[in-house]
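Heads up, the thing below is written out as structure tokens.
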Amino acid sequence: MTLRQSVGDIGCTVLAIFRTRLELAAVEAGQQKARLARIMVMLFGALLFSTLALLVFTLFIALLFWPTEYRYWAIASLFVVYAVLGLSFGLMVMRRLNSGSYPFEATVEEIKKDIQVIENLRQSSRDEAGGGNHE
């Protein structure tokens with residue numbers, strides 16, 4: 001095999017590896033996009049329907065206690081409950097966003113493996129070249 005063929009084979013192999021990694025990155029980008037879209041739709045729905053439910057519930061409680069002397073306590077209690085629920089849901093959303101894997105994790109891992117294989121091949125070729133000179 002000539003030097004030109006060897007270089008061509010290596011070039012083809014490198015391009016094939018690059019293409020595979022690029023395809024993997026594209027798949028992961030699509031997955032991240034779909035994940036973000038699902039989270040945004042769920043967040044929008046949760047906010048919309050929670051707001052509507054809270055408005056109706058607040059109106060109901062306010063009307064129920066309005067003729068009594070406890071109307072201000074009822075409204076203050078609703079405020080505290082809503083604040084605690086709002087903070088709880090906000091923390092749950094933040095935890096969910098932070099708990100997922102980072103984007104392109106599989107691609108980065110595959111590239112690390114590729115680099116390790118290349119380094120092992122380079123080291124073994126150095127060992128063979130060094131070992132041949134000493135014999």
Side-chain angles (χ1 to χ4, degrees):
M1 181 181 276
T2 66
L3 179 61
R4 176 180 258 171
Q5 289 173 329
S6 296
V7 170
D9 289 346
I10 291 172
C12 287
T13 302
V14 169
L15 286 176
I17 290 171
F18 179 73
R19 188 191 82 206
T20 303
R21 299 306 174 249
L22 190 60
E23 289 171 355
L24 180 59
V27 167
E28 286 185 319
Q31 289 172 342
Q32 291 300 320
K33 178 180 157 187
R35 177 178 176 264
L36 182 61
R38 281 193 303 270
I39 288 173
M40 294 304 291
V41 167
M42 288 188 297
L43 181 62
F44 177 75
L47 289 173
L48 175 67
F49 292 113
S50 295
T51 301
L52 291 173
L54 289 176
L55 285 173
V56 171
F57 181 70
T58 302
L59 183 60
F60 172 74
I61 296 298
L63 290 175
L64 187 65
F65 282 94
W66 199 255
T68 70
E69 60 190 55
Y70 299 110
R71 63 182 167 255
Y72 298 115
W73 285 106
I75 292 172
S77 299
L78 287 173
F79 169 75
V80 169
V81 169
Y82 293 164
V84 168
L85 287 172
L87 288 173
S88 299
F89 283 119
L91 290 174
M92 286 190 297
V93 167
M94 291 303 293
R95 190 173 349 150
R96 173 132 185 187
L97 288 173
N98 290 331
S99 69
S101 62
Y102 63 90
F104 307 107
E105 182 177 9
T107 301
V108 171
E109 287 301 317
E110 288 299 316
I111 290 173
K112 284 180 185 178
K113 288 178 188 176
D114 293 342
I115 291 170
Q116 186 64 39
V117 166
I118 290 170
E119 286 176 356
N120 289 343
L121 288 174
R122 205 163 57 175
Q123 184 63 34
S124 66
S125 68
R126 282 184 191 156
D127 291 344
E128 288 175 5
N133 291 337
H134 295 289
E135 292 181 358

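Computed from a predicted model, the values in this text were never measured in an experiment.
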Exercise answer: donor-acceptor pairs, residues 14-22 side-chain atoms, under 3.5 Å, sequence neighbours excluded:
unit_1, atom_1, unit_2, atom_2, d
Arg19, NE, Glu23, OE2, 3.3
Thr20, OG1, Ala16, O, 2.9
Arg21, NE, Asp114, OD2, 2.7
Arg21, NH2, Asp114, OD1, 2.8
Arg21, NH2, Asp114, OD2, 2.9

Could you give the side-chain donor-acceptor pairs of residues 52-64 under 3.5 Å, partners two or more places apart or in another chain?
unit_1, atom_1, unit_2, atom_2, d
Thr58, OG1, Leu54, O, 2.6
Thr58, OG1, Tyr82, OH, 2.5

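Scanning for side chain to side chain donor-acceptor pair (under 3.5 Å) contacts around Arg38 gives an empty result, with sequence neighbours left out.
Ile111 shares a hydrophobic cluster with Ile115; the chain of contacts runs through ILVMFWY side chains whose heavy atoms sit under 4.5 Å apart. Applying the 4.5 Å side-chain rule to ILVMFWY residues, one finds Ile39, Met42, Leu47, Val93, Leu97 in the same cluster as Leu43.
In terms of hydrophobic clustering, with Ile, Leu, Val, Met, Phe, Trp and Tyr side chains grouped at heavy-atom distances under 4.5 Å, Phe49 and Phe44 are assigned to a common cluster. Both Phe65 and Trp73 belong to a single network of hydrophobic side chains, linked directly or stepwise wherever heavy atoms of I, L, V, M, F, W or Y lie under 4.5 Å apart.
Using a 4.5 Å cut-off on side-chain heavy atoms (C-beta onward), Val81 and Ser77 make no contact.
Identified under the side-chain hydrogen bond (donor to acceptor under 3.5 Å, both in side chains) test for residues 60-71, with sequence neighbours left out: none.
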